[in-house]
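Below you'll find the structure, written out as structure tokens, and then a few comments.
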Amino acid sequence: MTSRNLFSLLFDNLTDPVKTAIEMPDGGRISYGDLVANAGQVANHLVSRGVKPGDRVAVQVEKSVEALVLYLATVRAGAVFLPLNTAYTLNELEYFITDAEPSLIVCDPAKAEGIKPIAAKVGANIDTLGSNGKGSLSDGAARTKPDFTTVSRADGDLAAILYTSGTTGRSKGAMLTHDNLASNSHSLVSYWRFTSDDILIHALPIYHTHGLFVASNVTLFARATMIFLNRFDPEQVIGLMKRATVLMGVPTFYTRLLQSPALTKESTKQMRLFISGSAPLLADTHREWSARTGHAVLERYGMTETNMNTSNPYDGERVPGAVGLPLPGVSVRVTDPETGVPIKADEIGMIEVKGPNVFKGYWRMPEKTAAEFRPDGFFITGDLGKIDGKGYVHIVGRGKDLVISGGFNVYPKEVESEIDAISGVFESAVIGVAHADFGEGVTAVVVTDKKTQLDEAGVLRALDGRLAKFKMPKRVIFVDDLPRNAMGKVQKNVLRDQYAALYEKR
Ligand code: AMP
């Protein structure tokens, strides 16, 4: 049987090894041939450190080309790549490491001392890799040869485990197979028309599905080039648009780019595609972007467990506020959350997906896994939404963000859209807060455009008659910014904690 190792699918048949795969802002370049050779050296080093096929390699390092090579090398060696958010503390790392039991942990040199006792608990070795690409990993790899026979893998073997952000309960390790990653990237390459002429601006972190799989795998499968930036700097990104073709970003990239006067039709005219995902792109941001640049942002929807599910079309209408159509081979349906019975077009329910993109299950959590799949194989995403008459999927929020007030369901997105439409409002987040009479009180947290004077009464007046009484916010709170995580998602759990006592009787 031929190997289905993602690495083989990516790099066997390399016809142009001198083509640039990765470019650094300082002018450094790595060709496809170098990438394969470097991955060979790191894979040899991993084996010398005792990493066997199926072993987990846990990695908490800053973004660097060496870190990406480590991902490729781990997969090549038949091991399972386990990236961890650089923000995790030692306390949090202890959970991930004792749960995943990696045989090797790669961390920043500054963290190695602290991680030692945790590694000892599971008998893991430690290697280091700094943001400058230096450390015991690179030193060890430099002593090995580039030749490495890629370990044979089947479609269903694990390539990676990514822990979900776990805003409620324990974070879960999503097990992703070689075929989950390869099939999804292949779909995206053709759906988004990637070719070897493309130059992607890569400013996303690589511990998350977006920057690691969507951005990197798609670029490499297409034999395109990516400009690897360690962080997102709007002015630098606008400067690079002169010679790049695609940007993949989270919505905050787009709102921050819009704040720069340097963003114009002229500065974006070389670009062919702007993609957004990982959190909702406001319809207003979409429109403002079109007006300023002449480009319609292409919004797509995915999650750690499923890779990408839907995308607005390349040709055809890119609908503001919608996440597009199911990707080829992916089935999407909306069901009654209680019964799992599919519901009619335009009705809100639970989004469920099925396809080769959907993960194998949660690491060592068979019961949790079973509970989140329907008997016919559909995965229950936890996202509430609807499919409109044209087949476009719309997301109204996470199921756990649903507000139930006086026994009525209130979808935060609906209230947020009305509030966002009020002149002077920049954005808003609607949450449910414990309320003695209503169970939960609809509560609006609002950010103004900083130019307009708005108060609670003004917002409520503007909403009057636009929303049913039970959907009206009981309180409107003004803040400077909404709390967001690194992927730009509004952390409603943080807001719920902060305002938990809002309706308590004094
Ligand atoms: P993660 O696993 O961190 O990628 O988070 C996945 C979640 O992000 C999904 O379940 C959605 O709730 C949300 N998400 C991703 N893309 C979008 C999008 N385009 N619009 C709205 N929510 C999104």
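For ligands, and for the atoms within them, numbers begin at 1 and follow the listed sequence.
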| said: Counting non-hydrogen protein atoms only, what is the nearest one to atom 7 (C) of ligand 1? Give residue, atom name and distance. | reply: Lys489 NZ, 3.7 Å

| note | Within the 4.0 Å heavy-atom cut-off, what His210 brings close to ligand 1 is neither

| task | Using a 4.5 Å cut-off on heavy atoms from C-beta on, say whether the side chain of Arg364 contacts that of Glu101. | result | yes

| message | Tell me whether Lys63 forms a cation-pi arrangement with Phe228, defined as NZ or CZ under 6.0 Å from the six-membered ring centre and within 45 degrees of its axis. | response | yes

| What do you reckon, does Thr304 have a nitrogen or oxygen under 3.5 Å from a nitrogen or oxygen of ligand 1? | yes

| request: Record the part of Ser278 in heavy-atom contact with ligand 1 below 4.0 Å; permitted values are side chain, backbone, both and neither. | output: backbone

| said: Regarding atom 22 (N) of ligand 1: of the candidates Gly397, Gly302, Pro280, Gly324, which has the closest heavy atom? | reply: Pro280

| query | If you count the atoms of ligand 1 from 1 in the order shown, which ones are under 4.0 Å from a heavy atom of Glu299? | reply | 18 (C), 19 (N), 20 (N)

| said: Whether the Thr335 and Glu352 side chains hold a donor-acceptor pair (N or O, under 3.5 Å, no angle test) is what I'd like checked. | reply: yes

| Can you list the atoms of ligand 1 that are under 4.0 Å from a heavy atom of His208? | 1 (P), 3 (O), 4 (O)

| remark: Any heavy atom of Ser276 under 4.0 Å from ligand 1? The part involved is neither

| query | Any cation-pi pair here, Arg333 with Phe378, using under 6.0 Å and within 45°? | reply | yes

| said: When you measure from the centre of the six-membered ring of Phe438, is the NZ or CZ of Lys474 closer than 6.0 Å and no more than 45° off the axis? | reply: yes

| query | Among all protein non-hydrogen atoms, which one is nearest to atom 6 (C) of ligand 1, and what is the separation to 0.1 Å? | reply | Met303 CB, 3.3 Å

| Considering only heavy atoms, does Val323 approach ligand 1 within less than 4.0 Å through its side chain, its backbone, both, or neither? | side chain

| Cation over ring, Arg272 on Phe274, under 6.0 Å and within 45°? | no

